[in-house]
Amino acid sequence: MVAERGKFTNKLGFILAAAGSAVGLGNIWKFPFEVGLGGGAAFVVMYLVFCFLLCFPVMVTEIAIGRKTRKNPVGAFTSLGFKNWRFIGVFGVLAGVLILSFYNVIAGWAFGFFFEMVTGNFSVSKHFGDFTSDLVKVGTYAVIFMSATGFFVGRGVSGGIEKLSKILMPTLIIMIVIIAAYTLTLPNAFEGIKFYLIPDLNEITINTIGGALRQAFFSLSLGMGTLITYGSYLSKNDNVISSAAYITLADVSIAFVAGLMIFPLVAFINQGDMSTVASDQAGPGLIFITMPRAFETLGPNLGAFVGGTFFLLLSFAALTSTVSLLEVPTAYIVDEWGVSRKKAVLIASIIIFLVGLPSMLANGASDFFSNQFKIAGSSDFLSLVSKITDSMLLLGGMCIVIFAAHIWKKEQLNEELSNGYEGFKKKLVSKYLNFTISYVSPIILGILFVIVVLSEFFGVNVYNYLSILF
Ligand code: PFF
């Protein structure tokens, strides 16, 4: 079984793979529409605060647990001697299965849009509903995507995951910076920038805060043990703290630039009126509806080229994330069931694909899954699963830090973090991490988890109650 475990070749390989996991649809598809729904710049401010202050310590903890134990998220807790805490890992594997089940569907859309763009079919953005309700199309793309994911996970850590990330990550960054520079030159771009970057503090509501935290967790791939798994392939000589800092920075920067790319475009399309972004235009269709309009302005040939490249790279960004999502259940099956990697990949992929079938039907193909899931304020099955998993990540993150600080104990964690970082225990960053992991993260995550669940699933607006009290 030990022979089945892989290893990243070096720290850069690890950083790129983990950043590849973090950077994906969450940054380019989800972040802009969450900003749109969450009130613009106010959401962005909260998101940045959460990423650096609250999520960074969670990321460090996950990587350290993984590297210490060299195990999947379930095995890690057992291996540290706390079998009762393996529920956190089980919960993580489950979250991974659920996230990948719908993520694969959206990734399939992105891949499908690559074909639409290269054939010059920019008008697909105006008939987005027709595209998503075409089950044959959407199903085929989802099968292709799941197979590609399985292929790379099957090839193992350094051969598949690492190689893929090393080439694709830098290319994607260059591409979105260039597109953002272009959209900033479009008429009315400044209105979009104002919406995105000048916060209106009145817009900060409990929903903005909860939404920003959920987005931060999802985007940084935290709370379900992805980084426990990736950390388990990291060498003892590498510095966990600086690796986590680079991953966070890369992820946040890409989301930020994605916003710079999208909002000027929304303003251009709406002739400067940003009032509709929070209602009819935002939502899962945002990038699929807006981006082709930008490519159209470039003319048929250049538009097809730039549009095709954009959606191809977006698909690749999604692929480095789907690979990390599939890696979690795969590592679990390999480690715990003693099955070969290839077989584990097959088992996990089939289960996930089947679980994803209702999500595939949830955007027009089936009335039942598209319109009857008005549970907890969601409009369809896919949104519901996405909401549930967002909350699972918060809960998972909270349990992981509580476990590390109070059960496994800070001293052990510090010991692990000192590997590859000489003198860590004397550094200011260690004091900061110890304090946040012990108190700040568990308390804030706990409070916000309760608030998010109450408001998202039970329609209880805690903010209203608080304003009555104070
Ligand atoms: N972080 C990925 C994204 O932003 O697209 C999604 C994701 C990957 C979430 C892996 C969670 C995870 F464990």
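All ligand and atom numbering here is 1-based and tracks the order in the structure. Side chains are part of it too, since the values below use all heavy atoms of this structure and drop only hydrogens, waters and symmetry mates.
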Nearest heavy-atom approach of Arg341 to Thr330 is O-CG2, 4.2 Å

Identify the two heavy atoms, one from Ala212 and one from Phe43, that lie closest to each other, and give their separation to 0.1 Å. N-CE1, 3.4 Å

In chain order, what residues pass the side chain to side chain contact (heavy atoms under 4.5 Å, CB included) check against Ala244, with sequence neighbours excluded? Phe56, Met59, Val60, Ile63

Among Lys83, Glu336, Arg86, find the residue that satisfies the side-chain hydrogen bond (donor to acceptor under 3.5 Å, both in side chains) test when tested with Thr78. Arg86

Those residues with a heavy-atom separation under 4.0 Å from ligand 1 are Ser21, Ala22, Gly24, Leu25, Gly26, Asn27, Tyr103, Phe218, Ser219, Ser221, Met224, Thr226, Ser321, Ser324, Leu325

Lys/Arg N to Asp/Glu carboxylate O, Arg67 vs Glu62, below 4.0 Å: no

Check Arg214 with Asp390, please: is the shortest side-chain N to carboxylate O separation under 4.0 Å? yes

